[in-house]
Amino acid sequence: MADNRPIGVFDSGIGGLTVLREIIAQVPGESTIYFGDDGRSPYGTKSHDTIIKYSLQDMMFLKEQDVKMIVIACNTASTHAYNVLSKVCDVPVVEVVVPGAKAAVKATKNGKIGIIATRATVGSGVYESAVRECGKDIPELEVISKACPLFVSLAEEGWWDDEVAYLTASRYLEPLKTAGVDTVVLACTHYPLLAKTISKVMGPDVTLINSGIAVAGVVKDILEKDGLMADSEPTHLFYTSDDPKIFEQVASPFLGRGLPQGTKHVQVDNYDVKGFLC
Ligand code: DGL
């Protein structure tokens, strides 16, 4: 039997649209509801407890929309809040860390993997542990993490492929170049937009991992395995905790395809998460 409920996807803002884009590409028959918490973004500079609280509220909003699955399309929320959300949520919860880590381990030839992400993601150590766990059979495995906080602003500003982006990337990526990594995980939803510049700095032989592609693969596998595929005409709804007009302006290059449209404003900070925390 088909399940025509939508897939719920959330991010701290617009970055998760790079994940949604891959989900729509890989399971085009599925309806989706996207929530971007732009009003409280960025998450990458917030504390562990705040990221958990915000992520629970995002989940509660999506659950109210009767979604059949929740995708945490945010690396920062995945590293800090997946353990909590996956315990309290009664539909499958998909995160972005393990799919990205597996793809990196598969891609590396010299065992040297770079992870670039927000400060909160790097600080959690979760991505690094996931890569080490997935790559435990590679004896010479080396993992180098680097926070690149300015990349988020560059992506939102549309400065993806110019001299400012190049200079910033050259400075951030220096330690990864020195270490000789052959694979770099774009462990922040905004970074795929800067892929061209990152690639210019790292050189053509370095593989960049866009975890959104791997995440969409996980979504597809779960839908097929659990018999949750839809069979009706898909719809794509968008919600933001900030101004819908601003959301649509900034979001459109992230998503392409004439989306998003008809974005609605929603307030999620009144959801009471106390019952979920012990
Ligand atoms: N979406 C966030 C992530 O993937 C980046 C933006 C933020 O810091 O909120 O880590």
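When a ligand or atom number is given, it counts from 1 through the structure's own listing order. The model shown is predicted, which means the values in this text are computed figures rather than measured ones.
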List the atom pairs, with distances to 0.1 Å, where a side-chain N or O of residues 217-229 and a protein N or O form a donor-acceptor pair under 3.5 Å, not counting sequence neighbours.
none

* Measuring from Cys74:SG to Asp37:CG, what's the distance to the nearest 0.5 Å? -> 9.5 Å
Give the table of side-chain donor-acceptor pairs shorter than 3.5 Å for residues 129-139, with sequence neighbours excluded, one pair per line with atom names and distance.
| from | atom 1 | to | atom 2 | distance (Å) |
| --- | --- | --- | --- | --- |
| Ser129 | OG | Gly125 | O | 2.9 |
| Arg132 | NH2 | Glu128 | OE2 | 3.2 |
| Glu133 | OE2 | Lys136 | NZ | 3.1 |

* To do: Name all residues meeting the side-chain hydrogen bond (donor to acceptor under 3.5 Å, both in side chains) criterion together with Asp242; count only those two or more places apart in sequence or in a different chain, and write none if there are none.
  => none
* **Donor-acceptor under 3.5 Å (Tyr127 side chain, Ile115 main chain)** => no
Please give the N or O to N or O pairs under 3.5 Å between ligand 1 and the protein, distances rounded to 0.1 Å.
| from | atom 1 | to | atom 2 | distance (Å) |
| --- | --- | --- | --- | --- |
| ligand 1 | 1 (N) | Asp11 | OD1 | 2.7 |
| ligand 1 | 1 (N) | Ser12 | OG | 3.2 |
| ligand 1 | 1 (N) | Thr189 | OG1 | 2.8 |
| ligand 1 | 4 (O) | Asn75 | N | 3.0 |
| ligand 1 | 4 (O) | Asn75 | ND2 | 3.3 |
| ligand 1 | 4 (O) | Thr189 | N | 3.0 |
| ligand 1 | 4 (O) | Thr189 | OG1 | 3.2 |
| ligand 1 | 8 (O) | Gly44 | N | 2.8 |
| ligand 1 | 9 (O) | Ser12 | OG | 2.6 |
| ligand 1 | 9 (O) | Tyr43 | N | 2.7 |
| ligand 1 | 10 (O) | Thr76 | N | 3.2 |
| ligand 1 | 10 (O) | Thr76 | OG1 | 2.6 |

* To do: Working to the nearest 0.5 Å, report the span between CG of Leu237 and OH of Tyr34.
  => 14.0 Å
